[in-house]
Amino acid sequence: MFFCVALIASCVSVNAQNPGVAKDGGPWMRCDRPFGSPAIVNGMAKAPQKAASLDGTSLWGYYMGGIDELGGLGVQQAATYWIAYFVEGDGILKGGSINGVNVPLYSTANMTDFSVWISKDLKTNDVSKDVPMTGLTSVSYNAVALDEPYAIPAEGVYVGVQFTINKVVTEGDAYPVLLSSNSMSDKSLFMKTSVQGTTTWTNYSSAYGAFGMQLFVSGLEQPAVSASPVQVVDVTSLPGEKATTQALIQSDGAEAISSLDYVVEINGEKNSYHQELSAPIQGGYNRQIVVELTYTAPVECVAYKAAVSIEKINGKQNPLAEQAVAFGGKVVSRMAERKTVVEEFTGTGCPWCPRGWVGMEMLKETQPNFIGIALHLYNSTDPMYIADYFRYDKIGLNGAPSCSVDRRLLGVDPYYGSGNSITEDFIYCNSVLPEVSVDVTGGFNEDSTKVNVKSDIEYLMDGGKYSVAYVLVADSLKSDAVSWRQANNYASATAAQVGNDPLLTPFCSGGKYGSSYVYLTFNDVMVGSSYTTLTFNRFTGLISSGGVNQADALSGGQKAGDKESNSYVLTMPTKTTLKNVLRSDELYVVALVVAEDGTIANAARSKVMSYDENKGTGIGAVRDGASSAVEVARYTLNGTRISAPQKGINVVKMSNGEVRKVVVY
């Protein structure tokens with residue numbers, strides 16, 4: 001399964017693709033979701049046609065799966081490529097020698113001048129070997145033996161390939177570099193091209209992952225079993241019940257792993273567990289697999305720190321048993337419904353943003369717990385442009401189109417997501433048990449210039465710290481004015497070039513929206529918020545100070561089950577081009593409860609009521625009628641109840657349900 005990501009570097013577009021899918025519009029950050037789709041990545045590559053000199057060697061690489069799990073990367077034009085990764089000399093390969101390479105190639109039809117090389121500094125080659133094109137096969141791994149083994153130096157070495165694409169006819173020519181997104185290394189992909197300049201090397205590891213090349217190595221003393229966790233996902237569970245996390249496990253042992261005995265330590269207490277693997281990790285170096293590990297959660301409704309280590313493998317003692325990886329856990333008092341928020345960076349002037357429009361519409365139609373916030377910040381000429389919002393750079397929105405999912409996955413593609421589909425990312429985030437429950441209501445004031453908002457929050461954990469922010473979003477925004485046209489780069493592409501994707505094909509040449517500028521109906525558009533103004537320059541990337549939430553602070557839950565109300569008054573937009581197309585019956589208010597770590601703990605969305613509907617609800621009375629409310633309880637910040645004002649910050653609960661933070665001097 002090919003993955004999709006994109007990057008702009010050195011003013012040259014370097015694109016990764018799903019065969020037939022060209023992408024652009026970056027850059028964006030790698031997301032916080034650690035493994036992409038939670039799938040096993042230990043499939044064997046096609047058995048390489050090894051030369052006699054490769055017999056008896058072991059296979060090692062940052063990626064050890066099959067070619068069908070790799071994605072393509074390229075500059076989409078005739079060019080020469082140099083691709084490499086760095087091999088550590090003091091790790092598992094210490095004392096070993098490189099006998100050859102195993103290179104994945106998607107298409108060799110228009111490829112020439114292929115060579116393999118080894119370099120200590122990416123400047124001068126210690127080894128270079130030309131490889132006849134007649135010996136290379138498309139859509140396959142290709143084994144190339146070195147003339148003699150190369151001893152891996154203690155300081156490490158770069159291993160790479162070079163080739164030239166003479167013309168771009170197939171997708172394999174446009175995206176000839178095959179790589180995997182599932183790499184934890186920051187030295188797994190270095191590249192330069194003749195388009196960018198033959199002296200300019202760029203480390204793309206953090207953006208794309210790992211070059212799919214593997215090495216044939218000899219002279220290693222491989223243990224029978226050896227494995228350690230690399231990364232473990234934070235988990236939320238119910239008190240004293242089974243908690244399940246995902247762990248990325250790496251094995252360097254000769255035996256295939258069929259079972260694990262692991263230890264989970266929570267607050268200094270260790271407990272052992274046993275897990276039979278549904279799909280064994282095959283023997284070999286750098287084999288990785290994502291497994292589900294279960295353990296018993298604490299009974300207290302609190303956040304906690306935990307660590308996991310692997311004690312035994314196949315019942316045998318693991319030599320790496322002391323290597324533990326930390327992760328976080330939370331226990332909530334009950335299951336509550338989660339609404340998952342997708343904040344999208346977009347704009348009518350962004351020519352690749354039709355892809356984001358499609359992704360947001362797809363989520364809106366298929367995911368009932370979806371809350372969309374389309375942030376039209378790309379170009380100030382956009383009629384929907386409003387700069388009053390949270391700091392975009394803080395949630396990874398450094399390029400368009402991109403999106404943040406619950407502020408948990410930062411800067412992913414709003415259609416392809418962090419891997420194959422934004423839907424997979426959405427489902428992943430929506431599966432996390434929320435630590436708060438929230439409801440929101442909103443209603444117009446008498447002249448419909450403002451929206452009075454009230455949220456009701458129940459805390460499901462002890463001692464949580466949160467803030468609440470409010471957003472006004474609008475559906476069904478459209479106009480036939482020229483300023484409302486959406487730029488569309490897909491108009492120059494054929495349906496085949498987007499893999500005949502039925503959702504993107506309408507924007508391609510000959511499709512319903514197959515023009516360079518198209519008229520769309522925009523939904524989930526942010527038209528107001530409780531955040532202050534910030535200024536973003538898309539040419540320099542500079543963001544001014546701002547993005548500060550103006551809503552009243554929350555006191556936070558002292559105990560699971562505590563409840564709190566909060567209110568705010570949102571101002572309707574006054575810009576004529578936007579105001580004239582707003583429909584009062586297509587306006588919604590969103591409450592975002594943000595956890596201390598910056599992720600969205602939960603959210604709620606409701607339709608804005610008319611003034612007549614609102615009059616009997618009391619929305620706005622919390623703030624507007626505050627003068628008639630009386631104090632019923634007072635606390636210090638640590639939750640201790642006090643009978644009189646105390647110097648410092650006091651938390652005051654009022655008779656109307658309002659909670660205030662006041663400073664006493």
Side-chain angles (χ1 to χ4, degrees), residues 348 371-377 380-390 438-457 467-481 483-484 521-534 546-553 565-592 603-629 654-660:
T348 55
I371 293 178
I373 302 176
L375 308 166
H376 284 250
L377 188 69
S380 59
T381 57
D382 188 328
M384 295 163 281
Y385 177 89
I386 294 179
D388 296 338
Y389 203 68
F390 186 64
V438 58
D439 291 307
V440 67
T441 48
F444 285 111
N445 66 350
E446 191 168 5
D447 63 2
S448 296
T449 59
K450 298 183 183 298
V451 175
N452 297 315
V453 186
K454 180 183 177 185
S455 62
D456 294 299
I457 299 162
S467 61
V468 61
Y470 299 99
V471 186
L472 202 58
V473 297
D475 280 355
S476 302
L477 299 184
K478 60 181 179 179
S479 170
D480 56 7
S483 61
W484 283 81
T521 298
F522 297 94
N523 293 317
D524 301 308
V525 178
M526 188 275 290
V527 296
S529 80
S530 60
Y531 291 107
T532 56
T533 301
L534 61 89
V548 178
N549 183 25
Q550 299 297 300
D552 289 343
S565 295
N566 188 275
S567 65
Y568 191 76
V569 179
L570 289 164
T571 301
M572 290 288 290
T574 57
K575 186 168 60 175
T576 302
T577 52
L578 177 58
K579 183 179 177 181
N580 288 346
V581 301
L582 285 176
R583 295 175 47 176
S584 61
D585 62 339
E586 292 282 10
L587 203 63
Y588 302 84
V589 63
V590 175
L592 308 175
R605 180 181 189 263
S606 70
K607 192 171 186 177
V608 176
M609 293 181 286
S610 68
Y611 178 69
D612 288 337
E613 292 174 309
N614 176 31
K615 281 193 299 185
T617 67
I619 300 174
V622 171
R623 175 165 293 200
D624 299 338
S627 59
S628 62
M654 307 300 291
S655 59
N656 61 5
E658 183 181 6
V659 177
R660 305 175 183 174

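FYI, side chains are in, hydrogens and waters are out, and symmetry mates aren't considered; it's all heavy atoms of this structure.
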Return the minimal non-hydrogen interatomic distance between [X] and [Y], and the atom names on each side.
X: S483; Y: P383; result: O-CD, 3.2 Å
X: W484; Y: F522; result: O-CE1, 4.1 Å
X: Y568; Y: A551; result: CD1-CA, 3.7 Å

[X] versus [Y]: any side-chain heavy-atom pair under 4.5 Å?
X: I371; Y: V473; result: no
X: V525; Y: I386; result: no
X: R605; Y: D524; result: yes
X: F444; Y: L587; result: yes
X: E586; Y: L477; result: no
X: N549; Y: F390; result: no
X: M384; Y: V527; result: no

Rounded to the nearest 0.5 Å, how far apart are [atom1] of [X] and [atom2] of [Y]?
X: S529; Y: Y470; atom1: OG; atom2: OH; result: 12.5 Å
X: T441; Y: D456; atom1: OG1; atom2: CG; result: 6.5 Å
X: L592; Y: I373; atom1: CG; atom2: CD1; result: 5.0 Å
X: D388; Y: L570; atom1: CG; atom2: CG; result: 10.5 Å
X: T348; Y: D382; atom1: OG1; atom2: CG; result: 3.5 Å
X: S448; Y: L582; atom1: OG; atom2: CG; result: 11.5 Å

Checking the side chain of [X] only, and the main-chain atoms of [Y] only, is there a donor and an acceptor separated by less than 3.5 Å?
X: S606; Y: V440; value: yes
X: N523; Y: S476; value: yes
X: N566; Y: D552; value: yes

*Residues, nucleotides or ligands: over 12 heavy atoms within 6.0 Å of D480 CG*: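 No, CG of D480 has 12 or fewer neighbouring heavy atoms, counting only those of other groups under 6.0 Å.
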*Return yes when atom NZ of K478 has more than 12 non-hydrogen atoms of other residues, nucleotides or ligands closer than 6.0 Å, and no otherwise.*
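No, because the 6.0 Å sphere around NZ of K478 holds 12 heavy atoms or fewer from other groups.
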*Taking it one step at a time, do L472 and Y588 satisfy side chain to side chain contact (heavy atoms under 4.5 Å, CB included)?*
CA-CA 6 Å; L472 202 58; Y588 302 84; over 6 Å; no
